[in-house]
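This report concerns only the one structure given below.
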Amino acid sequence: MESPARRFTRLLTALEDVVEQEEATLQARDFSAVSEVQRRAAPLVSGLGALSLAVVDGPALARIAALLARRQHSMEWLESQLAVTRTELAAVQHSLAQVTRIAPAYRGVSSDQISRFNAVG
């Protein structure tokens, strides 16, 4: 049977691999894959949490701290990308509203006249 210390090390190593995969999928902007990677991390985190803190030594704590820092960095990057996307979406919605407001002016006008009007405007 596997000792708690050995199990902790194995689970922590597996979680480090999953976090590395998460970082790679974020950088590739494969957001659907990110959620799948995060689902795979859940049982590892649960398994680590179920183990006694008595099996955690100094080096293990350092690995956990590094892992948490990497994960925090990834989440901050994701938040910044969400903010950029929200800003871009707001700009698109604003443009759509403008087009909707001016569209009635173009009804009944030939496409040649529209092109000329746009070139002048």
Going by the salt bridge (Lys or Arg N to Asp or Glu O under 4.0 Å) test, which pairs reach into residues 4-14, not counting sequence neighbours? Glu2-Arg10
Who else is in Val84's hydrophobic cluster (ILVMFWY, side-chain heavy atoms under 4.5 Å, direct or via others)? none
Got a sec, which hydrophobics cluster with Leu96, joining ILVMFWY side chains under 4.5 Å apart, including via others? none
Hey, could you give me the [atom1]/[atom2] distance between [X] and [Y], rounded to the nearest 0.5 Å?
X	Y	atom1	atom2	result
Arg63	Leu15	CZ	CG	9.5 Å
Leu68	Arg71	CG	CZ	9.0 Å
Leu48	Leu11	CG	CG	5.0 Å
Leu44	Glu16	CG	CD	11.0 Å
Asp57	Thr9	CG	OG1	7.0 Å

Can you check side-chain contact (heavy atoms from CB on, under 4.5 Å) on Glu76 and Ser80, steps first, answer last? CA-CA 6 Å; Glu76 288 169 359; Ser80 73; over 6 Å; no
Side chains of [X] and [Y]: closer than 4.5 Å at any heavy-atom pair?
X	Y	result
Met75	Arg70	no
Leu67	Leu12	yes
Glu36	Thr25	no
Phe31	Arg29	yes

For Ile102, the side chain to side chain contact (heavy atoms under 4.5 Å, CB included) test, sequence neighbours excluded, returns Tyr106
By side chain to side chain contact (heavy atoms under 4.5 Å, CB included), which residues pair with Val55, not counting sequence neighbours? Pro4, Ala5, Phe8, Leu51
Excluding sequence neighbours, so at least two apart, what forms salt bridge (charged side-chain N to carboxylate O under 4.0 Å, His left out) with Glu20? none
Verify side-chain hydrogen bond (donor to acceptor under 3.5 Å, both in side chains) between Glu23 and Gln27, making sure each step is shown before the conclusion. CA-CA 6 Å; Glu23 290 170 339; Gln27 292 305 314; over 6 Å; no
For atom CG of Leu53, decide whether the heavy atoms of other residues, nucleotides or ligands shown that lie under 6.0 angstrom number more than 12. no
